[in-house]
Amino acid sequence: MDVEAADEGTLGKILVPEGTADVAVNTPIAVILSEGEDKSAIKNAKLSELQKAAEGPPPVAAPAVKASEAPKQEVKTPAAPETKVAADPDIPEGTEMVTMTMREALRDAMAEEMRRDKDVFVMGEEVAEYQGAYKVTQGLLQEFGPKRVIDTPITEHGFAGLGVGAALAGLKPVVEFMTFNFAMQAIDQIINSAAKTLYMSGGQMGCQMVFRGPNGAAARVAAQHSQDYSSWYSHIPGLKVVSPSNAADAKGLLKAAIRDPNPVIFLENEILYGHSSPVPKLEDFVLPIGKARIAREGKDVTIISWSMGMSYALKAAEELAAQGIEAEVIDLRTLKPMDTETIVASVKKTGRAVTVEEGWAQSGVGAEIAARLMEHAFDYLDAPVVRVSGKEVPMPYAANLEKLALPSSAEVVEAAKSVCYR
Amino acid sequence: MAVAKKTQGADDKEAAAPNGPIADFTKQQELDAYRMMLTIRRFEEKAGQMYGMGLIGGFCHLYIGQEAVVVGMQMAMKEGDQVITGYRDHGHMIACGMDAKGVMAELTGRAHGYSRGKGGSMHMFSKEKGFYGGHGIVGAQVSLGTGLAFANTYRGNDNLSVTYFGDGAANQGQVYESFNMAELWKLPAIYVIENNRYAMGTSVNRASAQADFSKRGLSFNIPGVQVDGMDVRAVKAAGETAAEWCRAGKGPYILEMLTYRYRGHSMSDPAKYRTREEVEKVRTTHDPIDMARARILEKKFATEDDLKKIDGQVRDVINEAAEFATHDPEPDVAELYTDIYR
């Protein structure tokens with residue numbers, strides 16, 4: 001191989017003669033004299049020093065034993081730190097519960113955080129004057145004005161990157177994607193810039209920001225508009241991934257996400273936007289990121305899901321109850337960091353587990369849950385974990401095919417019965 | 001509105017430098033600029049040597065030849081302005097005032113590198129010095145830098161962001177998404193296109209339908225000019241014009257710096273896509289440091305001996321940095337899991 005050797009200076013000594021073949025990369029080939037240094041100064045001592053330097057840095061703690069005597073000491077990979085997550089806050093007795101849609105709960109969460117912190121702003125396509133493509137940002141422009149509620153051009157890659165840049169400068173953007181399908185245009189900025197900068201900067205610079213919007217299948221919009229990104233983002237160190245299924249969780253977790261000093265992917269669901277459920281009327285209702293919720297208690301089988309999957313899971317649990325099987329249903333709420341503790345505790349009780357997701361099975365969140373159960377609850381499992389998932393096809397448009405491509409409560413019932421050997 | 005001035009096309013490799021304004025440097029400015037450009041060059045030469053010795057791993061992109069660009073721009077900036085660039089970033093960091101020891105120790109992947117050894121050559125940052133990286137994905141820094149400018153507008157301060165990218169990055173889609181938003185929202189962003197004639201091994205002519213990069217903002221109404229990026233005085237003058245424009249709330253500004261990279265794209269590039277004569281010609285006739293040196297002597301701002309003294313001081317700084325970076329320990333293994341979340 002030829003190399004461009006353009007170092008300036010006086011050649012002190014050639015270490016590898018011209019024409020030598022198969023010289024390993026990074027082998028010193030010549031010594032350049034420093035200013036004022038004489039050629040005769042290069043002795044063998046210098047050469048060995050040079051070669052030593054080329055061999056690499058001094059080890060952090062060099063054992064003072066001869067290599068031949070020393071037992072082979074491998075540097076042990078340190079254990080990943082464990083994080084303790086606080087439990088949900090207590091809801092004081094007598095707290096008024098207000099029934100609202102998930103859409104309203106999300107809007108209220110943003111409005112409350114924007115009132116609390118002037119560095120929080122919302123940007124995305126149609127978030128301001130149009131009041132949100134799905135009306136999630138309704139009223140925000142009127143209250144906070146165009147400086148803090150910003151309509152962007154249709155330019156996902158650009159505005160995601162702009163949002164990350166603003167976050168690096170210390171602002172707290174809430175970046176809305178009209179749907180997460182369009183965020184694929186921006187995924188480089190989300191992963192390479194938002195998720196990794198804190199690490200790459202040695203902790204100097206991070207991104208406090210939220211990327212949010214509807215995720216997963218809506219109705220009859222076909223392959224390019226119907227995809228579940230749960231597993232995609234939950235693969236990435238540096239990101240947190242939240243995906244609620246009801247209004248109270250949506251509000252408490254979006255407020256937490258906006259306050260979290262890390263980039264948070266907040267996966268909503270178009271079909272769920274219109275679903276109503278009670279939300280506690282509290283001054284500041286914030287839920288912990290990283291904590292699953294037991295949505296229904298049971299002793300026979302654990303069904304684990306999140307977001308839209310919870311609809312199938314809870315309906316299935318009712319049908320199973322009618323057949324004499326008491327299913328415990330866990331709503332993950334946060335996919336990363338995943339609340340392994342709650343899942344494992346439940347499976348230790350039931351001995352059986354079924355996962356439910358709209359995404360594809362391969363490398364999916366269900367696969368991750370199954371692996372964790374093998375690692376942490378293998379001896380408690382009375383049956384293999386079964387995954388109920390979207391079929392591995394692009395989402396079809398035809399109503400009958402679309403229905404077949406998605407998971408159903410009937411499939412969940414069947415899976416639960418199979419792990420119960422019934 | 002200022003319009004991109006038609007100057008010599010970048011497609012003409014023999015083109016003379018554009019005849020833009022030249023800042024009138026005081027003695028102190030000439031000497032400071034000379035010292036800073038020389039520091040960057042010596043740093044990069046040392047980094048090249050250390051790479052050859054195996055002390056630096058992975059990718060290492062040297063800035064040799066382009067020193068006048070960052071040094072001139074830095075002279076046009078003020079406290080609180082932000083800088084962001086791509087992976088050819090060592091010169092930008094030195095010019096921002098970051099410590100050569102910390103930069104070199106990051107190159108060697110050691111504990112006291114700017115990123116504690118976790119970023120390497122392409123990923124370094126300094127909040128304190130307003131340096132926002134150091135980004136490894138070609139063009140990504142352009143959207144990010146636009147976001148830095150957005151933050152200035154949001155906060156209503158008087159600062160601007162300077163976003164550096166190359167002739168290669170100038171063909172990325174997000175550059176134009178950023179241009180659009182920056183002009184739409186009148187963001188204080190200076191886009192400095194460092195046209196060093198080659199995107200890795202692809203010459204400008206083989207990759208760019210419009211090789212005059214100062215015109216790349218025209219469809220968004222962003223003014224742009226071509227600047228002799230080898231003359232630190234021309235760079236400073238152009239930088240000041242752009243900064244004035246931005247600080248007056250008129251929006252972004254594009255500066256195409258015509259410059260040249262003497263070394264390969266990265267350390268593993270034998271640069272067979274150009275002739276040695278082409279490189280030699282720039283080095284001997286248009287070197288930013290040699291030209292500054294000649295001016296200093298001609299104007300009698302310093303004697304040969306004075307300059308030799310500066311050279312010696314610069315060498316000392318760089319040798320000290322290299323020494324530090326060679327003997328600093330590797331990061332503690334516990335660092336593996338720090339700084340993922342905060």
Side-chain angles (χ1 to χ4, degrees), chain A residues 1-4 6-8 26-29 32 34-35 50 53-60 75-78 80-81 83 121 147 152-153 155 157-171 188-189 192-193 196-206 237-238 240 261-262, chain B residues 45 48-49 52-55 82 84 108-110 113-116 118-119 123-127 132-137 140 142-148 150-151 154 173-174 177-178 180-181 184 262-264 269-272 312 315 326-327 329-330 332-334 336-342:
Chain A
M1 186 183 87
D2 287 337
V3 290
E4 187 186 59
D7 279 337
E8 279 181 61
N26 291 342
T27 306
I29 56 170
I32 306 280
S34 303
E35 193 137 306
L50 191 69
E55 276 162 21
V60 177
V75 177
K76 267 197 90 146
T77 309
T83 41
F121 67 95
K147 194 189 133 194
T152 64
T155 187
H157 196 182
F159 73 68
L162 188 148
V164 176
L168 290 174
L171 298 180
D188 171 66
Q189 289 289 5
N192 272 319
S193 302
K196 296 179 184 173
T197 300
L198 183 67
Y199 195 78
M200 295 191 305
S201 68
Q204 278 189 77
M205 244 175 241
K240 292 187 178 182
N262 302 289
Chain B
E45 285 167 355
Q49 284 174 16
M53 290 162 69
L55 285 162
Q82 304 122 321
I84 190 166
T108 54
R110 306 305 171 90
Y114 266 98
S115 300
R116 297 193 220 160
K118 297 198 280 191
H123 317 109
M124 262 182 269
F125 307 79
S126 170
K127 203 167 207 169
Y132 287 80
H135 294 272
I137 305 295
V142 183
S143 312
L144 297 170
T146 309
L148 297 172
F150 174 90
Y154 189 89
Q174 64 181 315
E177 298 188 26
S178 299
N180 184 41
M181 288 184 286
L184 185 65
Y262 296 177
R263 297 294 188 91
D269 172 18
K272 287 193 166 175
R315 268 185 205 283
T326 306
H327 298 290
E330 287 187 304
D332 190 276
V333 290
L336 182 65
Y337 282 112
T338 59
D339 307 323
I340 299 165
Y341 297 100
R342 51 181 183 177

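Here is the naming used below: chain letters follow the sequence lines, and residue numbers restart at 1 for every chain. Just so it is clear, the structure is predicted and the values come from calculations on it, not from any experiment.
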With a 4.5 Å heavy-atom cut-off, do B:L184 and A:P153 have their side chains touching? yes

Whatever's closer than 4.5 Å to a heavy atom in chain B on A:Q204 counts as both

**Flag side-chain contact, heavy atom, 4.5 Å: A:L198 against A:M205** = no

The interface call for A:K240 against chain B, heavy-atom contacts under 4.5 Å, is both

One option among B:N180, B:T146, B:T338, B:I137 has the most heavy-atom pairs under 4.5 Å with chain A, and it is B:I137

Ring geometry between B:Y154 and A:F121 (parallel below 30°, tilted from 30 to 60°, perpendicular above 60°): tilted

Bottom line for A:T77: the part with an atom under 4.5 Å from chain B's heavy atoms is side chain

Residue from B:R116, B:Q82, B:H123, B:M124 scoring the most non-hydrogen pairs under 4.5 Å with chain A is B:H123

Does the side chain of B:R110 reach to within under 4.5 Å of the side chain of B:E330, using non-hydrogen atoms? yes

So, the part of A:S201 with a heavy atom under 4.5 Å from chain B: the answer is both

Ranked by heavy-atom pairs below 4.5 Å to chain A, first place among B:A140, B:S178, B:A334 goes to B:A140

Are the side chain of B:Y341 and the backbone N or O of A:P237 linked by a donor-acceptor pair below 3.5 Å?
no

Bottom line for B:I84: the part with an atom under 4.5 Å from chain A's heavy atoms is neither

Q | pair A:T197-B:F125: side-chain heavy atoms closer than 4.5 Å | A | yes

Looking only at B:G133, B:A151, B:G134, B:G113, most heavy-atom pairs under 4.5 Å shared with chain A are made by B:A151

query: Heavy atoms, side chains only, cut-off 4.5 Å: are B:Q174 and A:Q189 in contact?
result: yes

